[in-house]
Amino acid sequence: MTLTPARSTVAYFSMEICLEQAIPTYSGGLGVLAGDTLRSAADLGVPLVAVTLLHRKGYFEQHLDPSGQQTEQPVHWSPEQVLEPVDAQSTILIEGREVHVRAWKYTVKGVRGHEVPVYLLDTMLPENSEWDRTLTDTLYGGDEHYRLCQEIVLGMGGAALLLSMGIDGETIYHLNEGHSALLTLQLLERQLDGRQHFELDDADLESVRQRCIFTTHTPVPAGHDKFPLDMVRHVLGDERVALLEGCGGVHEGMLNMTYLALHLTRFVNGVAMRHRDVSRGMFPGYPINSITNGVHAVTWTGPEFATLFDRRIPEWRRDNLYLRYAVGIPLQEIREAHAASKRVLLDEIARRTGQQLDPNVMTIGFARRATPYKRADLIFSDLDRLTQIARTVGKIQIVYGGKAHPHDGGGKDLIRRIHSARERLGDAVKVVYVENYEMAVAGQMVAGVDLWLNNPMKPLEASGTSGMKAALNGVPSFSVLDGWWVEGHVEGVTGWSIGGPDAEGDPSRDAVDLYIKLERVILPLFYGLPFAYAEVMRAAIALNGSFFNTQRMVRQYVHNAYFPSGVPADVVEATAVL
Ligand SMILES: *Cc1c(COP(=O)(O)O)cnc(C)c1O
C-alpha cells in the first residue's frame, strides 16, 4: 500500500538509538527503547523523523579478564558503509566558534513499507576545529564539558538541521530524555525572531511548549544532566544563559536539562505507572503522566517462537494484540519452541566461552547494564544457601551479561564480584558471564533461559524492558515489584515477585525472599510439574507479550501525547492502523 505523506511530523530526539547490531550507537535500555519506538512507528505509519548523534567510536567493546576486570575498546564501524550521506548541514555556535554539523541517514522500514528516516549528526568536517570534530565520537564519553557540547550538537544542531530540510511548520518535538532539551532554546530563539531575551513573554514560552513533549526515563539523580552556569556561559554566551534563566531551565544555580524540559513541554511522561508516581515525588507541581514502555515484538521474538506464532496466530506481526490468543497454543508446542531457543543459546555460550551448560538444568538469566542499583550479585548474598538449594531441590545455572560504564567503578566491582562468586561456586552452581552484551546476544539470552531475574533497588527501575522481551519468548520473570513488573506481574501466572508491593520495600529482605521462592515455588514447579511451568510461560506471552510492546506504546504516544485533541486528518490518512 502506498500512503500519502503527512504534513504533520513528529521529530524524535534521542542521544542513543539502537538501530541494528552493526551500528553501535547505543549503550543500553534507553537506546533499545528508542530503536523499538522507531520500528513500531514505521510499522504503524506514524509520520516521524528521528535525530541522534553518529557516535563514530560507538559506545565501547567490553573485554573481561578471568577475574572479571573490564577493559574497554572503541568499536570500529564505518558509517559510510551502512548510512546514506545527507546534503543538508547546520551551523551552531560553541564558545563563539562556528561548528558545522552534517548528517547521515538511516531508514527504518515498517511492515507495510512506511519509512522513518533517522538523522545521525556528525561534526567530522574539515572546516571544524580538531576538537569540534570529536564531538560526535563517543556516546557518554568525555567530561561534563564534552557532554554539554554534545547536547548542543544534538538539540540545537539537530533542530537547525531539520529546519534546513524544511521540517518545521507542523512539527511536534519529542524529547526522549533530557539530553536533547536544548532544542527548546533553538525554538525559543526562532520565536523571538531577533527580539532580545528580556522581551521573552508568556506567549512565546507557550508557543514553544505547545510543540514539545518530554519523556523522563530514570529516577536515578545522576541520570538528570546538570551543568555549572559558568561553564554554560563560557560555551553558550551570556545572552543564551539569560534566555535559559528566563524560561526555567536554571535550577539551584545549574543548567538543569530536566527542568528545562519540564518547563518547555506541554506533556511529560514517565515510562511506567510506578515511575510516574516516583517522578511526581521528585518534581512536585509538574503534571507528569505515564506511558509504559514496550519492546518491538517482531524484533525481540526469537525465530523459534516467531515460527510458532506464524503458524498459530499469523496476525501477530501486523497487530501484536493477537498475541493474546497464545492462550490457545498447545503447551507441548510452547515447550518445544523453548527447548529449541535454549539450545541456540547454550551453543552460542559454548562457542563464546568454551563452557558447556546443561540443557536440562534450570537456567536463570540476568543481563543489563552493570551498575550498583541493579544488584546483579544479589543471588550470591549467601552462597551456602544457594548451593544447598541447588543440591537438594534442583540444579541451577546462571547466565550473565552486561557492560559497566567506563567511569562506573561500582558497576565494574559488581562484575568482579560475580566472577569471584563463580570461582567459589565451582560446579555446584555453574555461572557464565557473556562478554560484550549487545542486541544480538541479548535476543538469544532473553529467549534461551528458563527464568529472567531482575532485582534492582526500589524504586530506581523506571521501567526495564528486558523482561518484556523474555515474555514474548515465553520466559517468565522473577523480579522485584518495580518498573513495568508492577503492571505485568500476576503471581504464579506470568512469573513471580521478589519482596512486597510497596514502593520502597526493605532491600535487605530481598535476598531471603529470592531464596525462599526459588526453593519452595519455582524450582519444584520447573522440575516437578513441567507442564504447569509451561502454562506460566504461555501466560507470559498472552498477558504480557500482547501488551508490553511498542506497538501499543506508540499508539498511546500518538493519542495522548502527540495529538491529544485528535489525530490530524493528514496523519490519519498516512497512518495504517491508528
Ligand atoms: C533490552 C536491553 C537492555 C535493557 O535491559 P533492562 O533489563 O531493561 O535494563 C540493555 N541492553 C541491551 C543490549 C538490551 O537489549
Side-chain angles (χ1 to χ4, degrees), residues 14 16-37 39 58-62 75 139-140 176-177 217-220 223 270-272 274-275 292-297 299-302 345 348 364-376 378 399-405 408 411 414-415 433-449 451-458 460-473 475 477-480 482-488 495 498 544-545 548-550 553:
S14 185
E16 48 172 312
I17 304 182
C18 172
L19 295 166
E20 55 176 79
Q21 170 69 25
I23 302 185
T25 53
Y26 67 98
S27 92
L30 181 69
V32 173
L33 177 84
D36 283 356
T37 301
R39 288 181 269 277
Y59 184 47
F60 66 85
E61 207 173 274
Q62 176 196 50
V75 193
L139 173 60
Y140 307 139
N176 187 45
E177 196 42 284
H217 282 271
T218 180
V220 179
V271 290
R274 172 66 56 82
H275 177 232
T292 299
N293 280 167
V295 296
H296 188 255
T299 298
W300 293 105
T301 302
L345 174 65
E348 176 66 12
I364 299 177
F366 188 108
R368 46 186 55 83
R369 275 186 309 119
T371 195
Y373 83 85
K374 302 250 190 189
R375 299 192 298 181
L378 188 76
V399 180
Y400 276 101
K403 299 175 180 176
H405 184 279
D408 184 355
L414 205 48
I415 300 176
Y433 203 110
V434 177
E435 276 177 317
N436 215 36
Y437 183 58
E438 47 190 42
M439 193 182 190
V441 73
Q444 293 176 329
M445 284 178 71
V446 294
V449 299
L451 185 67
W452 193 252
L453 178 65
N454 190 19
N455 44 44
M457 191 86 89
K458 288 199 284 190
L460 298 180
E461 183 91 321
S463 165
T465 53
S466 59
M468 303 174 184
K469 301 170 194 166
L472 282 165
N473 293 283
V475 173
S477 280
F478 182 29
S479 170
V480 302
D482 203 10
W484 83 281
W485 192 234
V486 176
E487 301 163 36
I498 299 168
N544 287 343
F548 294 99
N549 55 68
T550 39
M553 185 198 82

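Residue indices begin at 1 and follow the sequence shown. Order of listing sets the numbers, starting from 1, for every ligand and every atom in it.
Seen from the ring of F60, K403 counts as a face-on cation partner, given the 6.0 Å and 45° thresholds.
For the side chain to side chain donor-acceptor pair (under 3.5 Å) test, no residue two or more places apart in sequence or in another chain qualifies with D482.
Ion pairing between E461 and K374 holds under the 4.0 Å rule for side-chain N and carboxylate O.
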Output block, N or O contacts of ligand 1, threshold 3.5 Å exclusive:
from     : atom 1 : to   : atom 2 : distance (Å)
ligand 1 : 7 (O)  : R368 : NE     : 3.1
ligand 1 : 7 (O)  : R368 : NH2    : 3.3
ligand 1 : 7 (O)  : S466 : OG     : 2.5
ligand 1 : 8 (O)  : T465 : N      : 2.6
ligand 1 : 8 (O)  : T465 : OG1    : 3.4
ligand 1 : 8 (O)  : S466 : N      : 3.3
ligand 1 : 9 (O)  : K374 : NZ     : 3.0
ligand 1 : 15 (O) : K469 : NZ     : 2.6

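The side chain to side chain contact (heavy atoms under 4.5 Å, CB included) test with W452 is passed by exactly one of V446, N473, I364: V446.
Here the straight-line distance linking atom CE of M439 with atom CH2 of W300 works out to 4.5 Å at 0.5 Å rounding.
Of the possible polar contacts, one joining the Q62 side chain to the G402 backbone as a donor-acceptor pair under 3.5 Å is found.
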